[in-house]
Amino acid sequence: QVQLVDSGGGKVQAGGSLRLSCAGSGRTLSTYALSWFRQAPGKMREFVTAINWSDDTIYYADSVRGRFTISRDNAKNTVYLQMSSLKPEDTAVYYCAAGRMITTSGSEYAYWGQGTQVTVSA
C-alpha cells in the first residue's frame, strides 16, 4: 500500500507561484508513475502532469505547459508541482496520484492524495 499526502496549496494572486508537494509513505514512489490531477468546482477531474518512473519522461496538459513543472525526489519519496504564472482558471483542488503506468485517465491510478486547494484570484 502507498499513502500519499498532498500539501502546499493556498491562495495567490494571478501571476503568482505555488509549490505543491506529495509525500509518499508505505512504499517507495520510485517505481511508480506519478501524476497530478485537478478538479475545479462543477467540473470533471482533469489531468495536469505526470512523470514516468522508468525514464523520467514528463507529460503536461496543454493548459499548463510552460507554466508548471513536475519533479520528483526519490530520496525524500516526494513529488512536487511547481506552479508559476498562475491564472484564475487554475483554481481547483489538486491531487497527486501514483500508478503503474503513465495515463491521463484517473481511473488507472491506484493511489491518491487527499487533495490540496489552490485558489488564484484575479
Side-chain angles (χ1 to χ4, degrees):
Q1 287 285 347
V2 174
Q3 292 80 44
L4 302 175
V5 178
D6 303 325
S7 63
K11 296 181 180 180
V12 64
Q13 290 189 329
S17 300
L18 282 173
R19 188 177 80 155
L20 307 184
S21 299
C22 173
S25 63
R27 288 185 180 177
T28 177
L29 297 181
S30 63
T31 60
Y32 288 89
L34 301 172
S35 296
W36 287 93
F37 288 78
R38 66 185 181 186
Q39 187 165 20
K43 295 187 177 181
M44 295 184 66
R45 180 176 58 194
E46 66 170 341
F47 170 82
V48 176
T49 180
I51 184 167
N52 197 15
W53 70 270
S54 60
D55 59 6
D56 279 348
T57 301
I58 292 174
Y59 303 85
Y60 292 103
D62 290 342
S63 58
V64 306
R65 186 176 291 110
R67 300 187 299 121
F68 290 12
T69 303
I70 188 172
S71 62
R72 64 194 297 163
D73 186 331
N74 289 338
K76 295 183 178 180
N77 219 31
T78 299
V79 61
Y80 303 98
L81 179 62
Q82 178 67 48
M83 306 184 295
S84 302
S85 301
L86 283 162
K87 305 175 181 180
E89 51 264 43
D90 294 318
T91 295
V93 178
Y94 284 71
Y95 302 88
C96 69
R100 286 301 183 185
M101 60 181 293
I102 289 285
T103 172
T104 59
S105 172
S107 62
E108 298 296 322
Y109 289 85
Y111 307 105
W112 290 83
Q114 83 287 1
T116 185
Q117 175 71 47
V118 172
T119 303
V120 185
S121 59

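Computed from a predicted model, the values in this text were never measured in an experiment.
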Inset, instruction - Please check if Val2 and Trp112 belong to a single hydrophobic cluster, counting links between Ile, Leu, Val, Met, Phe, Trp and Tyr side chain heavy atoms closer than 4.5 Å. - result: no

Legend entry - Under 3.5 Å donor-acceptor, Thr49 side chain and Tyr59 backbone: yes

Inset, instruction - Please answer: with hydrophobic residues joined when any side-chain heavy atoms are less than 4.5 Å apart, are Val48 and Leu20 in the same cluster? - result: yes

Legend entry - Spacing of CD1 belonging to Ile51 relative to CG belonging to Leu81, to within rounding of 0.5 Å: 11.5 Å

Inset, instruction - Could you walk me through whether Tyr60 and Arg67 pass side-chain contact (heavy atoms from CB on, under 4.5 Å), step by step? - result: CA-CA 10 Å; Tyr60 292 103; Arg67 300 187 299 121; over 6 Å; no

Inset, instruction - Kindly indicate whether the side chain of Val79, heavy atoms from C-beta on, has any atom under 4.5 Å from the side chain of Trp36. - result: yes

Legend entry - Modelled atom types, side-chain donor and acceptor of Ser105 and Ser107, under 3.5 Å: yes

Inset, instruction - Can you see which heavy atom on Cys96 is nearest to which on Asp6, and at what distance? - result: SG-OD1, 2.6 Å

Inset, instruction - Return the minimal non-hydrogen interatomic distance between Ser17 and Gln82, and the atom names on each side. - result: CB-NE2, 4.0 Å

Legend entry - Phe37 ring center within less than 6.0 Å of Tyr109 ring center: yes

Legend entry - For Thr78 against Ser21, the heavy-atom pair lying closest together: CG2-CB, 4.3 Å

Inset, instruction - Kindly indicate, with the supporting measurements, whether the criterion side-chain contact (heavy atoms from CB on, under 4.5 Å) is fulfilled by Asn74 and Thr28. - result: CA-CA 8 Å; Asn74 289 338; Thr28 177; 5.7 Å; no

Inset, instruction - Show the numbers, then the answer: is there a side-chain contact (heavy atoms from CB on, under 4.5 Å) between Phe47 and Thr103? - result: CA-CA 9 Å; Phe47 170 82; Thr103 172; over 6 Å; no

Legend entry - Point-to-point distance, once rounded to the nearest 0.5 Å, from CD of Glu108 to OG of Ser35: 11.0 Å

Legend entry - Aromatic Tyr80 / basic Arg72 pairing, under 6.0 angstrom, 45° off normal: no

Legend entry - Non-hydrogen atoms of Ala122 and Ala14 that approach each other most closely: CA-CB, 4.3 Å

Legend entry - Spacing of OG belonging to Ser84 relative to CG belonging to Leu18, to within rounding of 0.5 Å: 9.0 Å

Inset, instruction - Please say whether more than 12 non-hydrogen atoms of neighbouring residues, nucleotides or ligands are located less than 6.0 Å from CD in Glu89. - result: yes

Inset, instruction - Scan Thr91, Asp90, Val118, Val93 and name whichever one has a side chain to side chain contact (heavy atoms under 4.5 Å, CB included) with Arg38. - result: Asp90

Inset, instruction - Quick one: list whatever passes salt bridge (Lys or Arg N to Asp or Glu O under 4.0 Å) with Asp62, sequence neighbours left out. - result: Arg65

Inset, instruction - Would you mind reporting whether Thr31 and Arg100 have side-chain heavy atoms less than 4.5 Å apart? - result: yes

Inset, instruction - Working to the nearest 0.5 Å, report the span between CZ of Arg27 and CG of Asn77. - result: 12.0 Å

Inset, instruction - Report yes or no: do Ile102 and Val64 belong to one cluster of Ile/Leu/Val/Met/Phe/Trp/Tyr joined by side chain heavy-atom distances under 4.5 Å? - result: no

Legend entry - Chi angles and distances behind the side-chain contact (heavy atoms from CB on, under 4.5 Å) call for Ser7, Thr116: CA-CA 6 Å; Ser7 63; Thr116 185; 5.5 Å; no

Inset, instruction - Check whether Tyr32 and Ile58 end up in the same hydrophobic cluster, where Ile, Leu, Val, Met, Phe, Trp and Tyr are linked by side-chain heavy atoms less than 4.5 Å apart. - result: yes

Inset, instruction - Search all heavy atoms of Gln114 against all heavy atoms of Val5 and return the closest pair with its distance. - result: OE1-CA, 3.5 Å

Legend entry - Approximate separation, where rounding is to 0.5 Å, of Arg19 CZ and Met83 CE: 11.5 Å

